[in-house]
Amino acid sequence: KSLLERAKAASQLASEDPQQRLHAIAALAHEKTPETQLLLNQRMADEQDPAVKKALQRAVAEIADSLAWGERLGEIFSGISLGSVLLLAALGLAITYGLMGVINMAHGELIMIGAYATYMVQVAFQRFLPEAAFGWYLVLAIPVSFLVSAAVGAILERGVIRFLYGRPLETLLATFGISLVLQQTVRSLFGAQNVGVENPSWMSGGLTLLPNLTLPWNRICIVIFAFLVLGGVAFMIARTRLGLFVRGVTQNRAMASCVGVNTARTDTYAFALGSGIAGLAGCALSQIGNVGPDLGQNYIVDSFLVVVLGGVGQLAGTVY
């Protein structure tokens, strides 16, 4: 009905009767869409009647003001969306770098591993489960991406990182080499080309708030997911036994060991947790773009900037 009314009003814009044109202008101005703005601008170039031209100018100005609000809100949402992605990517670094003092240049590759774990879950659903179940693959991919990245992180910590505590520059060099190895391993297994990860049906489309403002469901879900992960990490660090051990070992390793804390095991758990959160970031990023071996390189520098600017060791600063 709306399209038919717009078509009728658009045809009346060319009427020889000024009243018909005024009626059409009022009808088109009421919709406040980019299409009607274009129609009225096109008519303004040909309009000779002063009263009709004045009505055209007023209608175009009203539509422009309305559309400007849509653009502003769209920019705010884009900022929140980008911020939530960076928050997910930086949360793991807030633990491994902020709390443990390890400059982990392989953090981006742990994000990439989480994204590829999501891709593998998708492939498994496509091959072995009925099509009706495909929409639920992401629910399984979330814990799988966390566990796979956490396992890789634990192996790195036990195999390399534990020999380098207290020597941040050496952790930088070692983890940079590990990042190159992980990238090439993924290229060898999956190829150098990007792989596509599909959105479940419930994450397709968007929420239309204004004629020129549609918020994609996948971005909305990532914003919500980022804050759920943030809440889980904050609760774990502040309220759980593992969080207490991590804070104790970070603040005074020797005293924590004296009172019976297994510092080596705590280091492994903490590094695995930071790596697992990176895997969750990869799972989220797979829903807004293609997955490739270089995925993590797009976020590693920004993630370090987020952690350093927010204050090393400050979870709240990372959020800000």
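Positions are given from 1, in the same order as the sequence printed here. Quick note: numbers below take in every heavy atom, side chains included, and nothing from hydrogens, waters or symmetry partners.
With sequence neighbours left out, F271 forms a ring pair (Phe, Tyr, Trp, His ring centres under 6.0 Å) with no residue at all. In terms of the ring pair (Phe, Tyr, Trp, His ring centres under 6.0 Å) criterion, F163 has no residue partners (sequence neighbours excluded). Contacts of Y97 classified as ring pair (Phe, Tyr, Trp, His ring centres under 6.0 Å), with partners at least two apart in sequence or in another chain: F304. Here D294 pairs with R187 under the salt bridge (charged side-chain N to carboxylate O under 4.0 Å, His left out) rule; sequence neighbours left out.
Q126 and E131 form no side-chain donor-acceptor contact under 3.5 Å, judged by distance and modelled atom types alone.
Between A238 and R247, the shortest heavy-atom distance links the atoms O-NH2, 3.6 Å. Here the closest non-hydrogen pair linking V160 and L164 is O-CG, 3.8 Å. When every heavy atom of M112 is checked against every heavy atom of V186, the shortest pair comes out as SD-CG2, 3.4 Å. Taking each heavy atom of A94 and T318 in turn, the nearest pair found is CB-OG1, 3.8 Å. Of all heavy-atom pairs between P200 and G135, the closest is CB-O, 3.5 Å. Shown here for I111 and A89, the closest heavy-atom pair between the two residues is CD1-CB, 3.8 Å.
V181 and I161 fall into different hydrophobic clusters, where Ile, Leu, Val, Met, Phe, Trp and Tyr residues are linked whenever their side-chain heavy atoms come under 4.5 Å apart, directly or through other members. Transitive grouping of hydrophobic side chains (ILVMFWY, heavy atoms separated by less than 4.5 Å) brings V121 and V195 into a common cluster. Taking hydrophobic clusters as Ile, Leu, Val, Met, Phe, Trp and Tyr residues chained together by side-chain heavy-atom distances below 4.5 Å, Y137 shares a cluster with L129. At a threshold of 4.5 Å between side-chain heavy atoms, the hydrophobic network of Ile, Leu, Val, Met, Phe, Trp and Tyr places L242 and L91 in one connected group. Transitive grouping of hydrophobic side chains (ILVMFWY, heavy atoms separated by less than 4.5 Å) keeps M120 and F128 in distinct clusters.
Side chain of S257 to backbone of R253: no donor-acceptor contact under 3.5 angstrom is found. At distances below 3.5 Å, at least one donor-acceptor pair connects side-chain atoms of Q122 with backbone N or O atoms of G196.
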Taking only distance into account, with no hydrogens and no angle test, what donor-acceptor pairs under 3.5 Å do side-chain atoms of residues 209-231 form with protein atoms, sequence neighbours excluded?
{"from": "N212", "atom 1": "ND2", "to": "L67", "atom 2": "O", "distance (Å)": "2.9"}
{"from": "T214", "atom 1": "OG1", "to": "T208", "atom 2": "OG1", "distance (Å)": "3.4"}
{"from": "N218", "atom 1": "ND2", "to": "Q287", "atom 2": "O", "distance (Å)": "3.1"}
{"from": "R219", "atom 1": "NH1", "to": "S81", "atom 2": "OG", "distance (Å)": "2.9"}

Which donor-acceptor pairs under 3.5 Å do side chains of residues 169-177 form with protein atoms, sequence neighbours excluded?
{"from": "E170", "atom 1": "OE1", "to": "R167", "atom 2": "NH1", "distance (Å)": "3.1"}
{"from": "T171", "atom 1": "OG1", "to": "I103", "atom 2": "N", "distance (Å)": "3.3"}
{"from": "T171", "atom 1": "OG1", "to": "P168", "atom 2": "O", "distance (Å)": "2.5"}
{"from": "T175", "atom 1": "OG1", "to": "I103", "atom 2": "O", "distance (Å)": "3.0"}
{"from": "T175", "atom 1": "OG1", "to": "M105", "atom 2": "N", "distance (Å)": "2.9"}
{"from": "T175", "atom 1": "OG1", "to": "T171", "atom 2": "O", "distance (Å)": "2.6"}
{"from": "T175", "atom 1": "OG1", "to": "L172", "atom 2": "O", "distance (Å)": "3.2"}

Please output the side-chain donor-acceptor pairs of residues 18-27 that fall under 3.5 Å, not counting sequence neighbours, one pair per line with the distance.
{"from": "Q20", "atom 1": "OE1", "to": "Q12", "atom 2": "NE2", "distance (Å)": "3.3"}
{"from": "R21", "atom 1": "NE", "to": "E47", "atom 2": "OE1", "distance (Å)": "3.0"}
{"from": "R21", "atom 1": "NH1", "to": "S15", "atom 2": "O", "distance (Å)": "2.8"}
{"from": "R21", "atom 1": "NH1", "to": "E16", "atom 2": "O", "distance (Å)": "3.4"}
{"from": "R21", "atom 1": "NH2", "to": "E47", "atom 2": "OE2", "distance (Å)": "3.1"}

Show me the donor-acceptor pairs, under 3.5 Å and distance only, between side chains in residues 140-158 and residues at least two apart or in other chains.
{"from": "S145", "atom 1": "OG", "to": "A141", "atom 2": "O", "distance (Å)": "2.9"}
{"from": "S145", "atom 1": "OG", "to": "I142", "atom 2": "O", "distance (Å)": "2.9"}
{"from": "S149", "atom 1": "OG", "to": "L110", "atom 2": "O", "distance (Å)": "3.1"}
{"from": "S149", "atom 1": "OG", "to": "G114", "atom 2": "N", "distance (Å)": "3.4"}
{"from": "S149", "atom 1": "OG", "to": "S145", "atom 2": "O", "distance (Å)": "3.3"}
{"from": "E157", "atom 1": "OE1", "to": "T268", "atom 2": "OG1", "distance (Å)": "2.7"}
{"from": "E157", "atom 1": "OE2", "to": "Y165", "atom 2": "OH", "distance (Å)": "2.6"}
{"from": "R158", "atom 1": "NE", "to": "T268", "atom 2": "OG1", "distance (Å)": "3.0"}

Show me the side-chain donor-acceptor pairs of residues 69-80 shorter than 3.5 Å, one per line, residues at least two apart or across chains.
{"from": "S78", "atom 1": "OG", "to": "G74", "atom 2": "O", "distance (Å)": "3.0"}

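To the nearest 0.5 Å, the span separating CZ on R241 from OH on Y269 amounts to 11.5 Å. I288 contributes atom CD1, which lies 9.5 Å from atom CG of N199 (distance to the nearest 0.5 angstrom). One finds the CD1 atom of I113 at 10.5 Å from the CD atom of Q183 (value rounded to the nearest 0.5 Å). Separating the CG atom in L305 from the CG atom in L86 is a distance of 9.5 Å, to the nearest 0.5 Å. Taken to the nearest 0.5 Å, the CD atom of Q37 stands 10.5 Å off from the CG atom of L39. With rounding to the nearest 0.5 Å, the separation of CG in L93 from CD1 in I277 is 10.0 Å.
Residue W202 qualifies as enclosed at atom CH2: its count of foreign heavy atoms under 6.0 Å is above 12.
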Next item on the list: Test side-chain contact (heavy atoms from CB on, under 4.5 Å) on L285 and N298 and set out the steps.
Entry: CA-CA 11 Å; L285 288 171; N298 299 326; over 6 Å; no
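Hydrophobic cluster membership for L38: none, as no Ile, Leu, Val, Met, Phe, Trp or Tyr side chain comes under 4.5 Å of it. Side-chain contacts under 4.5 Å among hydrophobic residues (ILVMFWY), followed directly or transitively, place V261 together with F245, V249, M255, V259. Alongside Y320, the hydrophobic cluster contains no other residue (criterion: ILVMFWY side chains under 4.5 Å).
Partner of L56 under the side chain to side chain contact (heavy atoms under 4.5 Å, CB included) criterion, out of L28, L40, D49: L40 alone.
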